[in-house]
There are 2 protein chains.
Amino acid sequence: MKNKSNLNINQFLKHISLDCVVFGFHENQLKVLLLRMKKTQEWALPGGFVQEDESMELAANRVLKVRTGLDHIFLNQFHVFSDPERSNINPAVPDVLEFGITFNDADWFNQRFISVGFYALVEFSLVQPKPDLLSDICEWISLDEIGSLMMDHRQILDKALETLRLQLVFQPIGYNLLPEKFTMPELQKLYETILGKELDRRNFQRKILAYNIISKLDEVRQGVPHKAPSLYRFNPENYQKALNEGLGGKW
Amino acid sequence: MKNKSNLNINQFLKHISLDCVVFGFHENQLKVLLLRMKKTQEWALPGGFVQEDESMELAANRVLKVRTGLDHIFLNQFHVFSDPERSNINPAVPDVLEFGITFNDADWFNQRFISVGFYALVEFSLVQPKPDLLSDICEWISLDEIGSLMMDHRQILDKALETLRLQLVFQPIGYNLLPEKFTMPELQKLYETILGKELDRRNFQRKILAYNIISKLDEVRQGVPHKAPSLYRFNPENYQKALNEGLGGKW
DNA sequence: GCAAAAGTGTTGTAGCTACACCCATGG
DNA sequence: CCATGGGTGTAGCTACAACACTTTTGC
C-alpha cells in the first residue's frame, strides 16, 4: 500500500497560487528562506495554494505557519505574477504515484498558475524551517549567495526587495526583523543591507532617534571586542503611529 | 432562436477576475469611469476575466480597450482582493437565459472570484465609454459624487486612490491624465485633487519646474477671463527619466 | 599605548514654507 | 479702476550631509 498524501486538491481554487519571500536578519546579513526541490535540486520560494474559503492573506499565513512554525507573521502582498509563460513546464510537479499523487493530480499541478507574491519579515531566531513534500531542504540563504531560482522565483524575490526598499524609506521596518533588544550598529547594518548602500553612522543615529520609535536601555551588549554598544528596543506606541503615518525624510 | 452571447466561458481561468479604476481629469475634477448594472442599478467598476493565454496586464488592457476605445493605456496593478465574502452573492450575475447565458454559465458566474485591482490613467477627452452586456450606462463620475458601489468596489476605489497618492509623491503622474497642452493651474488642481489638499500656487510652480519634466510653450490659453495662463507640455525624455528614478521631495 | 568601534557635536547648504509684490484682463 | 487670477522674487527655517573630536575596550 502506497503512502498516502494528505493533499486533497479539490479544496483549492484553480489557477491561483502564492509565493512568499521570507526575510530574516542574522549575523549582519539579510537572509531569505528557501526550499530545495527534490526532483530538480533547484531552490524555490515557499508557496502554496488558496483554499475555497480563505483569503490570500490567510492562505499565506497558513503556508508560513507550516514552513516556519510561526503565527501572526508580518506579511504584505506586493505583486501578482501572471505571465502565461512563467511556468510553461512546471519543474515542481511531483512524480506521478509518488506521495500518493494520482494522474489527475499531476494534471492539476501542470495547470497554469497566477501567483500572488507576499513578503514576510520575521525574527530569524524564532524560525524553525521545515521542508515540504516536494523539497528535501528548507533553510536560510544569504541574499548575496542566492543565484537562479525555480521558475520565475528569482524575479519575485527581486521585486520583493525593491518593494521592501521603497517601504523602508517611509515606514519603520526593523521591528519584525530584529530581536527585542538590539544595538544601533545592528539596526544600521539592516538598513544598509536593504538599501544596498552605506550610511553615515552619526547621521543614521540622529535620524532614527528623531523618529522616537526606539528607546535606549540601561544595558550594553556583553562579550564584544572594543567599546560595548548600548541596547535599544522599539517603542510600541510610537512605532504603531509611525506605521500608519509614515516617516518621510531622505535615505 | 435566442440571441446568442459571444461569451465562451471556458476560455477563461476560474476564480480570477480583475477590476479597473480608470481615472480621468476634466473641468478641474478627478473622475472615475463607472458602469451601472442593468439588474440592480448599482454602479460598478469595469472589469473582466483572464483568458487562458494572457497575463493579468494583457487582460486589463483588453477589457479597457472595449470599454474606452483606447489602446496602450497606462495601467498599474495595486492590490489583490480576496476576502471570501467579497461576493457572497454576486449581484452582477446575469439572469439565466438572458444574453444566451445558460444555467451552467450562471453557476460559473456565482463562483467565488479573487480580483486583481488595476488603476488606469487616461486622457479624458479621448475616451468613448461603452457599457458592457450587464450594464446600461458607462460614464465618468466625479470622485466626490461617488457613493456606494457594487460588492467591494468602493473599497477597491479607495485603495486605488491611496496608491495613486503615494505614487504621485515620487513619480510624475500628470502626463497620462492631461491633454498634450495644459496650464500650470490645471496641473496644480490635478495634484490638489489627488492629494486631497491645497497647495501654494507659487511653490508648486517652482517645484514642478525644478524637475524639468515640463516645458513652457510660446502660447497662452485663449478665451478665459482675467490674465491668460501659459501653456506647457511634458518633456518626454526627462519625463521618462523621472518615471524610472522617482522624484523625491515633500508634498 | 594603539587600534577599533561607539558616542557626541558643529557647520554649511539645499530645499521647503510663507510670505509680498507686480502684471494682465474683463467688467 | 478694481476685482480676479497669473507670474516672479525673497527671507527664514529645517533637515540633511559631511565633517572632527572624544570615550571605551581588547590586545
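From a predicted model like this one, the values you see are computed outputs, not experimental measurements. Proteins get letters first, then strands, A, B, ... in listed order; numbering begins at 1 in each.
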Distance check: side-chain N/O of A:Ser230 vs OP1/OP2 of C:dG7, anything under 4.0 Å?
-> yes

Closer to the 5' end of DNA chain D via nearest nucleotide, is it A:Val224 or A:Asp200?
-> A:Asp200

Polar side-chain contact A:Arg201-C:dG7 base: donor and acceptor under 3.5 Å = yes

Shortest non-hydrogen separation from A:Trp43 to A:Glu139 and the atoms involved = CH2-OE2, 3.8 Å

From A:Phe124, A:Tyr175, A:Phe234, residue fulfilling ring-ring contact (aromatic ring centres under 6.0 Å, His included) relative to A:Phe182 = A:Phe234

Going by modelled atom types, is there a donor-acceptor pair between the base of D:dA17 and the side chain of A:Arg202 at under 3.5 Å?
-> no

Please give, in whole Å, the distance from C:dG15 C1' to B:Ile208 CD1?
-> 15 Å

Could you tell me the separation between the CD atom of B:Glu186 and the P atom of D:dG5, rounded to a whole number of Å?
-> 15 Å

Check the distance between D:dC16's C1' and A:Tyr211's OH and give it to me in whole angstrom.
-> 11 Å

Of B:Arg206 and A:Val220, whose closest DNA chain C nucleotide lies nearer the 5' terminus?
-> A:Val220

Round to a whole Å and report the spacing from CD of A:Gln222 to P of D:dT24.
-> 16 Å

Rounding to a whole Å, what distance do you find between B:Phe204:CZ and D:dG7:C1'?
-> 15 Å

Per atom distances to the A:His226 side chain, the nearest of D:dC19, D:dT25, D:dG5 is D:dT25

Between D:dT8, C:dG7, D:dG5, which nucleotide gets closest to the side-chain atoms of B:Lys227?
-> D:dG5

Do the charged groups of B:Asp19 and B:Lys159 touch, with an N to O distance under 4.0 Å?
-> no

Within the distance-only criterion (no hydrogens, no angle test), does the side chain of A:Gln171 pair as donor or acceptor with the backbone N or O of A:Leu243 below 3.5 angstrom?
-> yes

Should A:Arg154 and A:Ile156 be marked as a side chain to side chain contact (heavy atoms under 4.5 Å, CB included) after you check the CA-CA gap, both sets of side-chain angles, and the distance that decides it?
-> CA-CA 5 Å; A:Arg154 177 75 218 195; A:Ile156 297 178; over 6 Å; no

Whole-Å distance separating the NZ atom of B:Lys189 from the P atom of D:dG5 = 11 Å

Below 4.0 angstrom from OP1 or OP2 of C:dA6, is there any side-chain N or O of A:Gln205?
-> no

So which one's nearest nucleotide on DNA chain D is more toward 5', A:Pro225 or A:Asn203?
-> A:Asn203

Within this structure, what is the CG-to-P distance between A:Leu209 and C:dA6, rounded to whole angstrom?
-> 15 Å

Round to a whole Å and report the spacing from CZ of A:Arg221 to P of C:dG7.
-> 12 Å

